[in-house]
J.: 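Take a look at the following structure, please.
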Amino acid sequence: MELPAKISLETLTPEMVAKTIDHSLLRPDMTIDEVIEGCRLSAKYQVASVCVKSCDVLIAAKQLQGTGVEVGTVVGFPHGNTSAKVKVFEALQAIDDGAVELDMVLNIAHLKSGLYDEVREEIRLIVDAAKERLPTCCIKVIFECSLLTDQEKIMACKLSEEAGADYVKTSTGFSTGGATIADLKLMRASTDPKKTRVKASGGIRNLDYLI
């Protein structure tokens, strides 16, 4: 469901709200029964997608088959510290298991170290491999904005867009902060709306903040 360019509390419907939500089932202690229940809840309310740990993709894909709710997973989660080759393997395995969206964590330490070519190339490797396996695969790059300076966020946007990512995303939800309006405005200003979308993640607890 495409949202209108301008929305308000008066024009927003529950169905529209649901289709802005990627329901995360990523707690490290989450049981299989909880994952299944989360998938059932997501299907009931027709959210956009469910994001599960890579080990749970097969389960989620089975539960959500035919519901219209897409399956996503995380790559290099939550710190982004695994090697590029490992991230590529994880991404391709997730696609084979049924994921159609991949939320990859960029290498935060390499970004902060100024290794920009390496960061860009890692994102590009994952984007290219994933889209070769599944051309419609949606790739989101998670920055973990609470750990970055504004200049680092701007650079992360630039590198992600150059590498062909579909989205830039604020946070994992497992660090020191979530989405802020200031970060979202900065990320939107630092990317081309025709090429790259911006995803808010973490800390969105009410309708007013969502709008």
J.: Under a plain distance cut-off of 3.5 Å, with no hydrogens placed, do S146 and T176 share a side-chain donor-acceptor pair?
T.: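 Yes, a side-chain donor-acceptor pair sits under 3.5 Å.
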
J.: Given the rule in the salt bridge (charged side-chain N to carboxylate O under 4.0 Å, His left out) test, do K194 and D192 qualify, once you have shown the distances and angles that lead to the verdict?
T.: CA-CA 5 Å; K194 295 180 181 179; D192 183 346; over 6 Å; no

J.: Indicate yes or no for a side-chain donor-acceptor contact from K112 to the backbone of L147 under 3.5 Å, with no hydrogens or angles considered.
T.: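 Yes, the answer is positive, given that a donor and an acceptor are paired below the 3.5 Å cut-off.
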
J.: Please lay out, stage by stage, how L184 and R188 fare under the test side chain to side chain contact (heavy atoms under 4.5 Å, CB included).
T.: CA-CA 6 Å; L184 291 167; R188 180 70 288 164; over 6 Å; no

J.: For the backbone of L186 and the side chain of K153, can you confirm whether one donor and one acceptor N or O come within less than 3.5 Å of each other?
T.: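 It does not hold such a pair.
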
J.: Between T67 and V69, is there a donor-acceptor pair closer than 3.5 Å when you use the side chain of the first and the backbone of the second?
T.: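 Judged by distance alone, yes, a pair lies under 3.5 Å.
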
J.: Do any N or O atoms from the side chain of K185 and from the backbone of T180 form a donor-acceptor pair under 3.5 angstrom?
T.: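 Side chain of K185 to backbone of T180, a donor-acceptor pair under 3.5 Å: no, none is there.
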
J.: Rounded to the nearest 0.5 Å, how far does OG1 of T196 lie from NZ of K140?
T.: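 It is 14.0 Å, given to the nearest 0.5 Å.
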
J.: When rounded to the nearest 0.5 angstrom, what distance separates CG in L111 from CE in M155?
T.: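 Between L111 CG and M155 CE, I get 8.0 Å after rounding to 0.5 Å.
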
J.: M104, F174: one ILVMFWY side-chain cluster at the under-4.5 Å cut-off?
T.: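 Linked, M104 and F174 end up in one cluster.
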
J.: Taking side chain as C-beta onward, heavy atoms only, is K131 less than 4.5 Å from I139?
T.: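 Yes, close enough: below the 4.5 Å cut-off.
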
J.: Is it the case that more than 12 heavy atoms not belonging to K195 sit under 6.0 Å from its NZ atom?
T.: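 No, NZ of K195 has 12 or fewer neighbouring heavy atoms, counting only those of other groups under 6.0 Å.
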
J.: Return yes if some donor-acceptor pair links the side-chain N/O of T82 with the main-chain N/O of G76 below 3.5 Å, else return no.
T.: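 Not a single qualifying donor-acceptor pair exists.
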
J.: Regarding E144 and T172, do their side chains bring together a donor and an acceptor under 3.5 Å, going by distance alone?
T.: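 Yes, T172 and E144 have a side-chain donor paired with an acceptor closer than 3.5 Å.
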
J.: Is H79 atom NE2 crowded by more than 12 heavy atoms from other residues, nucleotides or ligands, each under 6.0 Å away?
T.: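 Counting neighbours around NE2 of H79, 12 or fewer heavy atoms of other residues, nucleotides or ligands fall under 6.0 Å, so no.
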
J.: Hey, any chance L58 and I36 share a hydrophobic cluster, counting ILVMFWY side chains that come within less than 4.5 Å of each other, even indirectly?
T.: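 L58 does not cluster with I36.
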
J.: Please lay out, stage by stage, how D166 and K199 fare under the test salt bridge (charged side-chain N to carboxylate O under 4.0 Å, His left out).
T.: CA-CA 10 Å; D166 299 296; K199 174 72 179 178; over 6 Å; no

J.: Once rounded to the nearest 0.5 Å, what's the spacing between atom CD of E34 and atom CG of L41?
T.: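 Going from the CD atom of E34 to the CG atom of L41 covers 12.5 Å.
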
J.: Applying the 4.5 Å side-chain criterion to the ILVMFWY set and letting contacts propagate, would M187 and I154 be lumped into a single cluster?
T.: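 M187 does not cluster with I154.
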
J.: Donor-acceptor pair, E152 side chain versus T149 backbone, under 3.5 Å?
T.: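 Pair found, side chain donor or acceptor close to backbone of T149.
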
J.: So with a 6.0 Å cut-off around CD of E132, is the heavy-atom count from everything else above 12?
T.: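 Open: at most 12 neighbouring heavy atoms sit under 6.0 Å from CD of E132.
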
J.: Determine, stepwise, if the pair F77 / S54 fulfils side chain to side chain contact (heavy atoms under 4.5 Å, CB included).
T.: CA-CA 9 Å; F77 192 83; S54 57; over 6 Å; no

J.: Strictly distance-based, threshold 3.5 Å: is any side-chain N or O of E101 a donor or acceptor partner for the main-chain N or O of E70?
T.: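 Judged by distance alone, no pair lies under 3.5 Å.
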
J.: Has the side chain of Q65 got a donor or acceptor atom that lies under 3.5 Å from a matching backbone atom of K62?
T.: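 A pair under 3.5 Å: no.
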
J.: Tell me, with the steps shown, if I126 and E90 meet side chain to side chain contact (heavy atoms under 4.5 Å, CB included).
T.: CA-CA 9 Å; I126 295 166; E90 187 176 17; over 6 Å; no

J.: With a cut-off of 6.0 Å (strictly less than), are more than 12 heavy atoms of other residues, nucleotides or ligands near CD of E162?
T.: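 Yes, because the 6.0 Å sphere around CD of E162 holds more than 12 heavy atoms from other groups.
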
J.: Output yes when a side-chain donor or acceptor of T73 lies under 3.5 Å from a complementary backbone atom of A99, and no otherwise.
T.: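 No, T73 side chain to A99 backbone: no donor-acceptor pair under 3.5 Å.
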
J.: Do L125 and V119 sit in one hydrophobic cluster, given that two such residues count as connected whenever their side-chain heavy atoms are within less than 4.5 Å of each other, even indirectly?
T.: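 L125 and V119: one cluster.
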
J.: Does one hydrophobic cluster hold both V50 and Y167, with members joined at side-chain heavy-atom distances below 4.5 Å?
T.: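 Cluster IDs for V50 and Y167 differ.
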
J.: Just by distance, no angles: are the side chains of T170 and D183 close enough, under 3.5 Å, to form a donor-acceptor pair?
T.: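 No, because no side-chain N or O of T170 sits under 3.5 Å from a partner of the opposite role on D183.
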
J.: Restricting to non-hydrogen atoms, name the atom on A61 and the atom on G98 that form the minimum distance, rounded to 0.1 Å.
T.: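 Nearest pair, atom of A61 first, then G98: CB-CA, 4.2 Å.
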
J.: Calculate, to the nearest 0.5 Å, the distance between atoms CG and CD1 belonging to L25 and I59 respectively.
T.: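 Rounded to the nearest 0.5 Å, the CG-CD1 separation comes to 11.0 Å.
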
J.: Determine whether a donor-acceptor pair (N or O, by modelled atom type, separation under 3.5 Å) exists between the side chain of T20 and the backbone of V17.
T.: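 Indeed, once roles are kept as given, a pair shorter than 3.5 Å links the two residues.
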
J.: Working note: C51 + L26, criterion side chain to side chain contact (heavy atoms under 4.5 Å, CB included); need CA distance, chi angles, decisive distance, verdict.
T.: CA-CA 7 Å; C51 189; L26 296 170; 4.2 Å; yes

J.: Could you please spell out the steps behind the side chain to side chain donor-acceptor pair (under 3.5 Å) verdict for T191 and E161?
T.: CA-CA 7 Å; T191 50; E161 188 163 276; 4.7 Å; no

